[in-house]
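Read through the structure below, which is laid out as structure tokens, and then see the notes.
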There are 2 protein chains.
Amino acid sequence: MNILAEIIGYIAGICIATCFLPQTLQTIKTKNVKDLSLISYIIYCTGMICWIIYGIYLNSLQMIIFNLISLYFAATILFMIIKYRKNH
Amino acid sequence: MNILAEIIGYIAGICIATCFLPQTLQTIKTKNVKDLSLISYIIYCTGMICWIIYGIYLNSLQMIIFNLISLYFAATILFMIIKYRKNH
């Protein structure tokens with residue numbers, strides 16, 4: 001069970017790290033951000049920053065790395081929402 | 001530092017739980033899902049399910065509750081993406 005639980009934890013981390021990659025690519029391509037919620041991405045990025053700080057406190061390198069990757073994509077989307085909203 | 005770290009962990013959990021509430025409300029209101037990435041929400045929901053299983057393994061009630069709430073909103077958005085895409 002221990003190894004299985006660790007594998008599930010890793011899958012969760014990888015999902016969180018990569019989940020916003022498709023959204024990032026789609027938004028880069030289309031530049032359409034009308035249907036995306038600015039507030040949702042602000043809250044998500046705040047959460048990720050808090051997780052990273054918490055990961056540093058726990059000395060958990062996986063937690064820091066997975067959440068840093070997720071923050072990178074979410075912050076990119078957030079940046080595009082602000083940028084492309086102004087243009088329209 | 002211990003209490004501060006726990007508070008930051010709680011803020012992170014609350015952010016993850018609530019981040020997709022504004023997106024859910026916006027999508028319910030507009031019914032526009034064109035700019036939302038289906039794959040992103042599939043990966044995110046998979047990640048949340050894995051976190052919940054991992055939370056059960058760790059006996060962490062906070063982890064289970066925060067991620068269940070997040071899964072609820074993300075799954076609602078996922079459902080709307082599939083539903084409203086078909087309609088257009």
Side-chain angles (χ1 to χ4, degrees), chain A residues 1-59 63 66-67 70-71 73-74 77 80-81 84, chain B residues 1-59 63 66-67 70-71 73-74 77 80-81 84:
Chain A
M1 179 59 190
N2 214 331
I3 294 168
L4 183 65
E6 292 307 316
I7 291 169
I8 290 169
Y10 259 93
I11 295 169
I14 291 165
C15 286
I16 294 306
T18 59
C19 65
F20 287 127
L21 173 61
Q23 182 69 65
T24 303
L25 295 177
Q26 179 177 326
T27 309
I28 286 172
K29 197 177 164 192
T30 66
K31 293 182 177 57
N32 289 328
V33 295
K34 188 173 55 67
D35 304 337
L36 300 176
S37 167
L38 175 69
I39 303 163
S40 278
Y41 282 94
I42 290 172
I43 298 172
Y44 188 85
C45 288
T46 308
M48 283 300 119
I49 291 166
C50 290
W51 272 146
I52 292 161
I53 296 168
Y54 196 64
I56 292 167
Y57 168 73
L58 294 179
N59 263 323
M63 198 170 172
F66 286 145
N67 290 325
S70 193
L71 177 64
F73 290 127
I77 296 165
M80 286 192 288
I81 294 174
Y84 296 133
Chain B
M1 179 55 192
N2 213 332
I3 294 169
L4 183 65
E6 292 307 318
I7 291 169
I8 290 169
Y10 260 93
I11 295 170
I14 292 165
C15 286
I16 294 307
T18 60
C19 65
F20 286 126
L21 173 60
Q23 181 69 67
T24 303
L25 295 177
Q26 180 177 325
T27 309
I28 286 172
K29 197 177 162 193
T30 66
K31 293 181 178 57
N32 289 326
V33 295
K34 189 173 55 67
D35 304 338
L36 300 175
S37 167
L38 175 68
I39 303 164
S40 278
Y41 282 94
I42 290 171
I43 298 172
Y44 188 84
C45 287
T46 308
M48 282 300 119
I49 291 166
C50 291
W51 271 146
I52 292 162
I53 295 168
Y54 196 64
I56 293 167
Y57 168 73
L58 293 179
N59 262 322
M63 198 171 172
F66 286 146
N67 290 326
S70 193
L71 176 64
F73 291 127
I77 296 166
M80 287 192 287
I81 293 174
Y84 296 134

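Keep in mind it's a predicted model, so treat the numbers as computed, not measured. Chain A is the first sequence line, chain B the second, and so forth, proteins listed ahead of strands; every chain is numbered from 1.
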Among B:Tyr41, B:Tyr54, B:Phe73, who wins on heavy-atom pairs under 4.5 Å with chain A?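 The residue among B:Tyr41, B:Tyr54, B:Phe73 with the greatest pair count is B:Tyr54.
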Heavy-atom distances under 4.5 Å only: say whether A:Thr30 touches chain B with side chain, backbone, both or neither.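 For A:Thr30, there is no contact with chain B at all, as no heavy atom is under 4.5 Å.
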Atom CG in B:Leu25, atom OG in A:Ser40: separation rounded to 0.5 Å?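 Answer rounded to 0.5 Å: 8.5 Å.
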Atom pair CG (A:Leu4) and CD1 (B:Ile53), whose distance is rounded to the nearest 0.5 Å: 8.5 Å
Looking at chain B, which one of A:Thr46, A:Leu36, A:Thr27 has the largest number of heavy-atom pairs inside 4.5 Å, strictly under? A:Leu36
A:Gln23 side-chain N/O to B:Ser37 backbone N/O, donor-acceptor pair under 3.5 Å: yes
Does atom CG of B:Leu38 have more than 12 heavy-atom neighbours from other groups under 6.0 Å away? yes
Which pairs would a plain distance check flag for residues 8-19 of chain B, meaning a side-chain donor or acceptor within less than 3.5 Å of a matching protein atom at least two apart in sequence or in another chain?
{"residue": "B:Tyr10", "atom": "OH", "partner": "B:Gln62", "partner atom": "NE2", "Å": "3.2"}
{"residue": "B:Thr18", "atom": "OG1", "partner": "B:Ile14", "partner atom": "O", "Å": "2.8"}

Between B:Lys34 and A:Gln26, what is the shortest heavy-atom contact and its length?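 That closest heavy-atom pairing would be O-NE2, 3.2 Å.
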Close side-chain approach of A:Phe20 to B:Ile43, heavy-atom, < 4.5 Å: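 A:Phe20 does not reach B:Ile43 side chain to side chain.
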Do the side chains of B:Asp35 and A:Val33 get nearer than 4.5 Å, heavy atoms only? no
